[in-house]
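Data block below; observations after.
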Amino acid sequence: MEAPVSREQEAGYYLKSHRILDLLNHLTSVLLFVRPENPREYLISVLECMRIAKETNVAFPYFMDNSNITAMFEMLDNSGKGTISFVQYKEALKTLGLCDADEDLKDDGHIINLNRFKEEVCIHPAFPQAFARKF
């Protein structure tokens with residue numbers, strides 16, 4: 001006989017199966033990136049756009065552009081050597097919502113410079129429709 005499932009386990013399963021934590025991470029990232037005057041109204045509008053995108057199967061507008069991707073790379077490359085590690089790259093993809101925490105990315109051993117970082121982020125299968133499909 002199986003042990004009864006605790007309320008905590010049920011809650012964890014619910015959050016994971018509905019990707020609630022991914023949604024909250026995305027909303028927090030967007031909110032901190034845009035920093036709107038009225039955060040509640042802004043979040044409501046983002047959620048509404050996400051709902052419409054999902055219902056109409058149209059790509060949700062992505063909030064990162066080329067300059068933002070460059071800025072992110074430069075923040076990761078704090079020593080200014082022009083490259084970042086694979087671990088930093090993987091964390092950046094998680095932050096951007098382009099890969100899940102449990103996704104197993106393979107390090108191909110190549111150096112990740114700014115051009116490769118931009119290329120990898122922009123050609124990632126989840127970019128830019130990641131958020132429309134995820135939620």
Side-chain angles (χ1 to χ4, degrees):
M1 189 165 130
E2 280 187 36
V5 178
S6 72
R7 292 198 39 86
E8 184 177 323
Q9 289 171 319
E10 284 179 9
Y13 175 77
Y14 178 83
L15 292 173
K16 187 171 184 158
S17 66
H18 293 285
R19 301 186 67 127
I20 302 299
L21 297 178
D22 290 336
L23 174 62
L24 293 175
N25 284 335
H26 169 68
L27 291 174
T28 302
S29 297
V30 171
L31 191 63
L32 292 173
F33 179 77
V34 175
R35 296 179 189 259
E37 284 293 318
N38 190 331
R40 288 181 183 162
E41 282 183 23
Y42 181 78
L43 288 173
I44 290 168
S45 70
V46 169
L47 288 168
E48 183 63 18
C49 286
M50 291 172 78
R51 184 188 63 77
I52 291 169
K54 185 174 183 178
E55 287 176 1
T56 60
N57 205 22
V58 173
F60 178 72
Y62 197 64
F63 70 96
M64 295 286 282
D65 63 16
N66 191 45
S67 66
N68 302 127
I69 294 170
T70 300
M72 179 178 233
F73 180 87
E74 289 170 353
M75 285 189 295
L76 294 170
D77 179 26
N78 56 8
S79 65
K81 61 185 176 180
T83 62
I84 60 173
S85 70
F86 181 77
V87 172
Q88 290 172 307
Y89 166 69
K90 185 175 177 179
E91 287 303 313
L93 288 182
K94 288 180 195 175
T95 300
L96 292 170
L98 298 177
C99 88
D100 297 326
D102 57 352
E103 192 172 336
D104 187 27
L105 297 176
K106 301 293 183 205
D107 184 356
D108 63 6
H110 291 95
I111 294 172
I112 300 170
N113 60 21
L114 177 59
N115 288 336
R116 178 157 184 224
F117 183 72
K118 285 181 183 179
E119 184 179 291
E120 296 279 335
V121 169
C122 293
I123 66 166
H124 193 281
F127 184 91
Q129 298 101 333
F131 306 113
R133 281 186 273 138
K134 273 181 139 179
F135 306 109

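Taking CE of Met72 as the reference point, atom CD of Gln88 lies at 11.0 Å (rounded to 0.5 Å). Of the inter-residue distances, the one linking Leu47 atom CG with Arg51 atom CZ reads 10.5 Å to the nearest 0.5 angstrom. Taken to the nearest 0.5 Å, the OG1 atom of Thr70 stands 12.0 Å off from the CG atom of Asp77. In this structure, CG on Leu76 lies 5.0 Å from CD1 on Ile84, to the nearest 0.5 angstrom. Atom CG of Asn25 is separated from atom CD1 of Ile20 by 11.5 Å, given to the nearest 0.5 angstrom. Summarising the geometry, atom CG belonging to Leu15 is positioned 5.0 Å from atom CG belonging to Leu21; distances are rounded to the nearest 0.5 Å.
Ring-plane geometry between Tyr89 and Phe117 is classed as perpendicular, the angle between the planes exceeding 60 degrees on a 0 to 90 degree scale with a lower cut at 30.
Heavy-atom contacts from other residues, nucleotides or ligands closer than 6.0 Å to CD of Glu41 number 12 or fewer. For Glu10, the CD atom is densely surrounded, since the number of other residues' heavy atoms within 6.0 Å is greater than 12.
Minimum interatomic distance between Arg116 and Asn113 (heavy atoms only, all atoms of both residues): N-OD1, 2.8 Å.
You'll find the side chain of Leu31 reaches within 4.5 Å of the side chain of Pro36, heavy atoms only.
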